[in-house]
Each structure stands twice: as C-alpha cells, then as structure tokens.
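Hydrogens, waters and symmetry mates play no part in the numbers below; they use all other heavy atoms, side chains included.
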Amino acid sequence: MWVRAKEGISSMQLIAFFVLVSSSISMFVFINAAQPSLLRPILDGNASSHSPQESTAKKSDIGTISGQILLYAEITAMISGAVM
C-alpha cells in the first residue's frame, strides 16, 4: 500500500512533506495540551516577582483564557495552512 507520487516528485520530497506535516500538527497539539500547566503558575503569580495577591486573573478565568488561546492557535493554523 504505497503512495504513488506525481512524475517529477521524488520519494525524498514526499517523505519530507510527511515529516513536516506531522511535526507541525504535533506542535499545535502540544501547545494545546500544555497550555493549562503553563498558564496556572503565570496566573497564580508564581512565575514572576509579583505576589499571588497581585494576580491579574482569577483561577476561574483560566478556562476562558485557555479557550481564547485555543481559538487563536486554530486560526493561526488555518491561515498558515492556507498560505502554504
């Protein structure tokens, strides 16, 4: 069950295409999966010199912020896919 490439496209070009597509999809999945663990310390104030009392966002806002980041990541993925 092999994929037959168009004439003029080498097997190395096809392999490079699959590797690049897989790595870009993996990058976007990692960003979406890692964002809650990255956001929690930032929003709690532990990642900076600010005290937890000076946190600008509440813990209940993490879902809203994560959703907005996910939306922007998906829009970026669609635009970058359309451009390439």
Side-chain angles (χ1 to χ4, degrees):
M1 185 154 129
W2 291 95
V3 176
R4 189 171 257 171
K6 216 175 189 183
E7 191 173 321
I9 298 177
S10 69
S11 59
M12 284 303 288
Q13 289 172 326
L14 194 59
I15 290 170
F17 173 75
F18 285 128
V19 167
L20 291 173
V21 167
S22 298
S23 63
S24 64
I25 290 172
S26 298
M27 180 185 67
F28 283 113
V29 169
F30 173 75
I31 290 170
N32 293 334
Q35 77 185 22
S37 61
L38 294 173
L39 278 178
R40 190 167 304 273
I42 292 170
L43 295 177
D44 286 343
N46 296 335
S48 66
S49 61
H50 301 291
S51 65
Q53 291 83 14
E54 296 176 9
S55 179
T56 59
K58 294 182 252 178
K59 289 185 181 182
S60 61
D61 293 336
I62 290 178
T64 303
I65 294 170
S66 293
Q68 289 175 350
I69 292 173
L70 176 62
L71 173 69
Y72 297 136
E74 291 299 322
I75 290 171
T76 304
M78 289 189 293
I79 290 172
S80 65
V83 170
M84 294 183 183

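- Between the side chain of Gln13 and the main chain of Ser10, a donor-acceptor pair closer than 3.5 Å is present.
- Under the 4.5 Å side-chain heavy-atom criterion for Ile, Leu, Val, Met, Phe, Trp and Tyr, Phe30 and Ile69 are members of distinct hydrophobic clusters.
- In the hydrophobic cluster analysis, where Ile, Leu, Val, Met, Phe, Trp and Tyr join through side-chain heavy atoms closer than 4.5 angstrom, Ile9 is grouped apart from Phe18.
- Looking only at distances, a side-chain donor or acceptor of Ser23 sits under 3.5 Å from a matching main-chain atom of Leu20.
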